[in-house]
Number of protein chains: 2
Amino acid sequence: MNNALNNAAALCIAAVERDTGLGKDTLRVWERRYGFPKPDRDAKGERLYPADQVEKLHIIRCLLDRGQRPSKVVGASTEELRAMLEVPDEPRAADAPVGGSDLLQYVRLGRTVELAVSLRKALLRQGLQRFVAETVAPLSEEVGAAWMRGEIQISDEHAYTEQMQNVLRGAIGSFGPAGERPRVLLSTLPGEDHVLGLLMVEATLVSEGTACLSLGARTPMADLGRAAVENAIDVVGVSFSGAFPARQAIDRLLELRAMLPPQIALWAGGAAVRGKQKRLPGVRVVADLDDTRQALAEWRSAHLPARA
Amino acid sequence: MNNALNNAAALCIAAVERDTGLGKDTLRVWERRYGFPKPDRDAKGERLYPADQVEKLHIIRCLLDRGQRPSKVVGASTEELRAMLEVPDEPRAADAPVGGSDLLQYVRLGRTVELAVSLRKALLRQGLQRFVAETVAPLSEEVGAAWMRGEIQISDEHAYTEQMQNVLRGAIGSFGPAGERPRVLLSTLPGEDHVLGLLMVEATLVSEGTACLSLGARTPMADLGRAAVENAIDVVGVSFSGAFPARQAIDRLLELRAMLPPQIALWAGGAAVRGKQKRLPGVRVVADLDDTRQALAEWRSAHLPARA
DNA sequence: CAGATTATTTGTCCAGGACAACAATGAACA
DNA sequence: TGTTCATTGTTGTCCTGGACAAATAATCTG
């Protein structure tokens, strides 16, 4: 698993904050209190976190998100942590998504050409909406899970994302100009890099004739608010991957809600906000891609005059 | 702690960091050095930034992004700052590129639908290679310059980038599987977000039949090296926007060169490395998109048996 | 057993010092 | 005139170690 190229990689505290979502202050205070992490120091005396400690921090954050308390997990060994992680041994659903495992195999082996060809075939066979809901979404989840389990390299995941972007954006573009309301503004907030979720939503909305304006990833909230007003937007859509801390997501959404004019709707989707509807008054939590179409239908029946 | 709903009141330091993108340490050290911002304190002694100071910080952030230095702006009054933001009335060059000004107008006005339509027309008219070299590259430069002059919002630039990605990726994807050598691995290094340059190169190479594997933006160097070896890559291509510090670019490239096996070529392009060929032994500096095709021809004549 | 009270845990903030990376300036040189 | 190199000031990020209140667990009481 670990080869020579890997050894040189030790991250500074800012990089660890980005990678794990744990604040610099938190990392330092854990070191003081629990004795972990225990980074090396460079010539300047600054912390350098070896890759294995970063990985352990990653596991710890997973466990914290599931309700564990720091005092129980920060001191434990990597093996104990892995054991805790695998407890919820989900009953293996026998719903293996259509062709999903084949596609995952291509990602795993770095066979990007075959991957691209298969994706395009699936797109033609299923049509854009079903392709997104039945192929892209489950495959992306599988890829993320495989990366968490250490089965694939991060570079494989990047390559996968790139290929998928090519396919999805080509399909989105081929719809040509769509001018129907609502006018939807899409983005992720700072700290959230994952762009595939956004593209899936865009694909779903565009194929319903909606006018979509995407700002890509990591738009500062003030800019989002300004852009929404200036472009006469009806709905602002924000997506969060599972890697985003749920608590932060909620705080930011409420802040954004307060910042937007009340007549502009705010939709939020993604793993980090799933099931958080009751904590998010004024925000429409979108459970999945089908629910996105549902939300769209609701908006239209509420705001557009019934069409003959 | 921070609450979302007091938008008219004052923000805690964490909220200001999120809103302005200025780090907590930076905010504190500015207060120490320049006397601004000067937040109130709550009962606990913690900083509370009034809304007007946050807005001023936002303006300062804009000016810093445009190359101003903190010592010149952090001490200035809000009026002076607003004056600096106004267009410094450049000597209007009368070199309006073919059609470029029309397209730029669409970006400026946020008319994304018209922009997308015009781009697709230009693509069909010119073909992918000329489209990239004669439309995408100059337009992207114009957009960057217009943003520097304060003529367009950052959100307009993001929307432009998204639209352009849709067009380019659609075109790249429509080439179908291309298996000819060299096998090229494309990415940007950490710290470099701009992805359009990479896509322009990918489009150019793909339309020459080259097998391209893109990893998108910000791939850590260790992962790049590993991916190059594991995927039997012939050429690694890296791009740097003008926003990337030239000195860092050179250091990183030399480091990457040392990390890669000698038989794998390393190409570098973008504003930050232009004219730096002599400081980069072992790296092929690619001046522009035409030069990319030139580099490709050189590689093929050196490595492939002459074809009948 | 529910509800109130106390104890512990935990993340974030503070002050003020230090330092290397970066930009600007000036000198030496082709 | 333009390029390279050294110097000097600027600037963001990191450091230590202390503090405190919000959140959570533990204990007590009716």
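To find a chain, count down the sequence lines: A is the first, B the second, and so on, and within it residues start at 1.
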Open item on the list: Strictly below 4.0 Å: does A:Ser71 bring a side-chain N or O up to OP1 or OP2 of C:dT8?
Closed with: no
Task: N or O in side chain of A:Thr26 less than 4.0 angstrom from C:dT12 OP1/OP2 - done: yes
TODO: Using whole Å, report how far CD of B:Glu46 lies from C1' of C:dC13.
DONE: 5 Å
Open item on the list: Let's see if you can work this out: which of D:dT11, D:dT13, C:dG11 has an atom nearest to the side-chain heavy atoms of B:Val29?
Closed with: D:dT13
TODO: For A:Asp25 and for B:Pro70, find the nucleotide of DNA chain D with the closest heavy atom, then tell me which residue's nucleotide is more 5'.
DONE: B:Pro70
Task: Strand-adjacent residues in residues 271-278 of chain B, judged by heavy atoms under 4.0 Å from DNA chain C - done: none
TODO: Find the distance A:Ile13:CD1 to D:dG12:C1' and express it as a whole number of Å.
DONE: 15 Å
Task: Donor-acceptor pair under 3.5 Å, B:Arg69 side chain vs D:dG9 base - done: no
Task: Candidate nucleotides D:dT16, D:dC14, D:dC20, ranked by approach to the side chain of A:Arg41 - the nearest - done: D:dT16
Open item on the list: Which nucleotide wins on minimum distance to the side chain of B:Arg47, given the candidates C:dG11, C:dA15, D:dT13?
Closed with: C:dA15
TODO: For the helix from C:dC1-D:dG30 to C:dA30-D:dT1, measure the angle between the helix axis at one end and the axis at the other, each built from five pairs, rounding to 10°.
DONE: 30°
Task: Pairwise 5' ranking along DNA chain D for A:Ala15 and A:Lys72, keeping only the more 5' one - done: A:Ala15
Task: Donor-acceptor pair present, A:Arg32 side chain and D:dG17 base, under 3.5 Å - done: yes
Open item on the list: Strictly below 4.0 Å, N to O, side chains only: are B:Glu55 and B:Arg82 in salt-bridge contact?
Closed with: yes
Task: side-chain N/O B:Arg28 vs C:dG16 OP1/OP2, d < 4.0 Å - done: no
Open item on the list: So, OP1 or OP2 of D:dT11: does either fall under 4.0 Å of a side-chain N or O from B:Tyr34?
Closed with: yes
TODO: Let me know the distance between NZ of A:Lys44 and P of C:dA21, rounded to the nearest Å.
DONE: 6 Å
TODO: Go through C:dC22, C:dT10, D:dG12 for me and flag the one nearest to the B:Gln248 side chain.
DONE: C:dC22
- [ ] Check whether any side-chain nitrogen or oxygen of B:Arg279 sits under 4.0 Å from OP1 or OP2 of D:dT3, and answer yes or no.
- [x] no
Open item on the list: Looking at B:Trp299, I'd like to know if the NZ or CZ of B:Arg284 sits under 6.0 Å from its six-membered ring centre while staying within 45 degrees of the ring's axis.
Closed with: no
Task: Salt bridge present between A:Asp193 and B:Arg218 (N-O < 4.0 angstrom) - done: yes
TODO: For DNA chain D, determine which residues of residues 56-65 of chain A have any heavy atom closer than 4.0 angstrom to one of its atoms, and list them numerically.
DONE: none
- [ ] Just compare C:dC13, D:dT10, C:dT9 and give me whichever is closest to any side-chain atom of B:Lys24.
- [x] C:dC13
- [ ] State plainly whether the residues B:Arg108 and B:Glu151 are in salt-bridge range, i.e. N to O under 4.0 Å.
- [x] yes
Task: Atom pair distance, as rounded to whole Å: CD in B:Glu17 and C1' in C:dC13 - done: 12 Å
